[in-house]
Amino acid sequence: VHCLYLVRHGQTEFNVRGRIGGDPPLTAKGRAQAQALAQHMRHKEIDWVFTSTRLRSHETATPLLAERPGAHIMAFKEFNEIWAGDCEGMLYSEIRERMPQVTAGRNANKFSYAYPNGESYALLGERVQRGLRRALFLAGDTPLVIVGHQAINRVLLSLFLRQRSEDVPYIYIPQNQYYHISLTPRRKVFERVPYQDDS
Ligand code: F6P
């Protein structure tokens, strides 16, 4: 039996501006989202919390650990966001203007398109699977949380749901809701749970 809570990190200044990649901290709203998540989960049994090595992921996870002295937290680089290569740190609008071939390439086939010197969704599959295997090995049968990123969480969900690959880069990954995945041999439940109003 596996119980996995798949969370996206809270809001960052990069999210507000439409800037990709980087290692920005949470905004005040992002920190409030992290607090709301911890409050929402306060009665749930959680023994393991996995993050990426990025600040925004770690800051989102921290309040979850506050009242769980026995819980473990571990940062995996396998869960770091898709690497945008030459486009790291750019605004989507800057990419459109200065590197129109990137935008066109992504629009034509977002799953297979790799950023120049960077990654595609297709390439993420292997490392995300490696991270998930390590996380499931450590957590065993106990409930776990993964605090990931937009593209990472799309790929993680697709590992359980077997989406058509061309749909994977468009799965909805909000910052005020998490996916609860509960698997038994006879019952697979995927539930999107809001933990804070998006006001
Ligand atoms: O915008 C936040 C972000 O996590 C970026 O760092 C990343 O490049 C992007 O989302 C992935 O989403 P998409 O593939 O839709 O651009």
Side-chain angles (χ1 to χ4, degrees), residues 5-34 37 49-62 75-129 131-132 145-161 163-179 192 195-196 198:
Y5 300 96
L6 184 58
V7 179
R8 184 179 172 195
H9 65 81
Q11 186 197 63
T12 68
E13 202 57 47
F14 275 33
N15 295 145
V16 176
R17 305 246 169 267
R19 197 177 284 288
I20 66 172
D23 196 13
L26 299 181
T27 58
K29 178 174 171 174
R31 289 194 299 275
Q33 286 166 332
L37 176 70
V49 179
F50 297 92
T51 66
S52 72
T53 66
R54 299 298 183 210
L55 194 54
R56 57 196 185 277
S57 167
H58 195 260
E59 286 184 343
T60 304
T62 306
F76 286 177
K77 63 179 180 333
E78 283 90 342
F79 293 147
N80 284 358
E81 182 55 310
I82 188 170
W83 182 249
D86 297 350
C87 298
E88 271 290 306
M90 288 175 75
L91 296 167
Y92 285 110
S93 58
E94 289 171 345
I95 298 171
R96 262 196 314 276
E97 283 158 29
R98 293 196 222 144
M99 304 172 81
Q101 73 285 4
V102 171
T103 307
R106 295 197 95 211
N107 287 344
N109 189 343
K110 195 175 172 187
F111 183 77
S112 304
Y113 183 83
Y115 281 102
N117 297 313
E119 290 178 311
S120 62
Y121 276 82
L123 284 171
L124 285 180
E126 209 176 301
R127 74 166 160 98
V128 171
Q129 269 186 63
L132 180 64
V145 173
I146 298 177
V147 183
H149 300 262
Q150 178 155 251
I152 292 301
N153 288 10
R154 286 172 172 156
V155 172
L156 277 166
L157 275 175
S158 76
L159 297 178
F160 292 100
L161 278 167
Q163 301 273 322
R164 292 189 315 167
S165 56
E166 64 260 44
D167 292 334
V168 172
Y170 298 99
I171 300 173
Y172 179 49
I173 309 286
Q175 281 170 312
N176 61 337
Q177 304 178 30
Y178 59 83
Y179 283 92
R192 182 160 45 78
Y195 60 84
Q196 199 206 31
D198 198 19

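Atoms within each ligand, like the ligands themselves, are counted from 1 in listed order.
The two atoms that bring Tyr195 and Gln177 nearest to each other are CE2-N, 3.5 Å, heavy atoms only. For the residue pair Gln163 and Ile171, the shortest heavy atom distance occurs at CG-CD1, 3.9 Å.
Near ligand 1, Arg8, Asn15, Ile20, Gly21, Glu81, Ile82, Tyr92, Arg106, Lys110, Tyr121, Gln150, Arg154 each place a heavy atom less than 4.0 angstrom from the ligand.
Atom CZ of Arg17 sits in a sparse spot, with 12 or fewer heavy atoms from other residues, nucleotides or ligands closer than 6.0 Å.
Relative orientation of the Phe76 and Phe50 rings is tilted, given thresholds of 30° and 60° on the angle between their planes.
Rounded to the nearest 0.5 Å, atoms OH (Tyr179) and CG (Asn153) are 9.0 Å apart.
Contacts classified as ring pair (Phe, Tyr, Trp, His ring centres under 6.0 Å) and involving residues 91-122 (residues at least two apart or in different chains) are not found.
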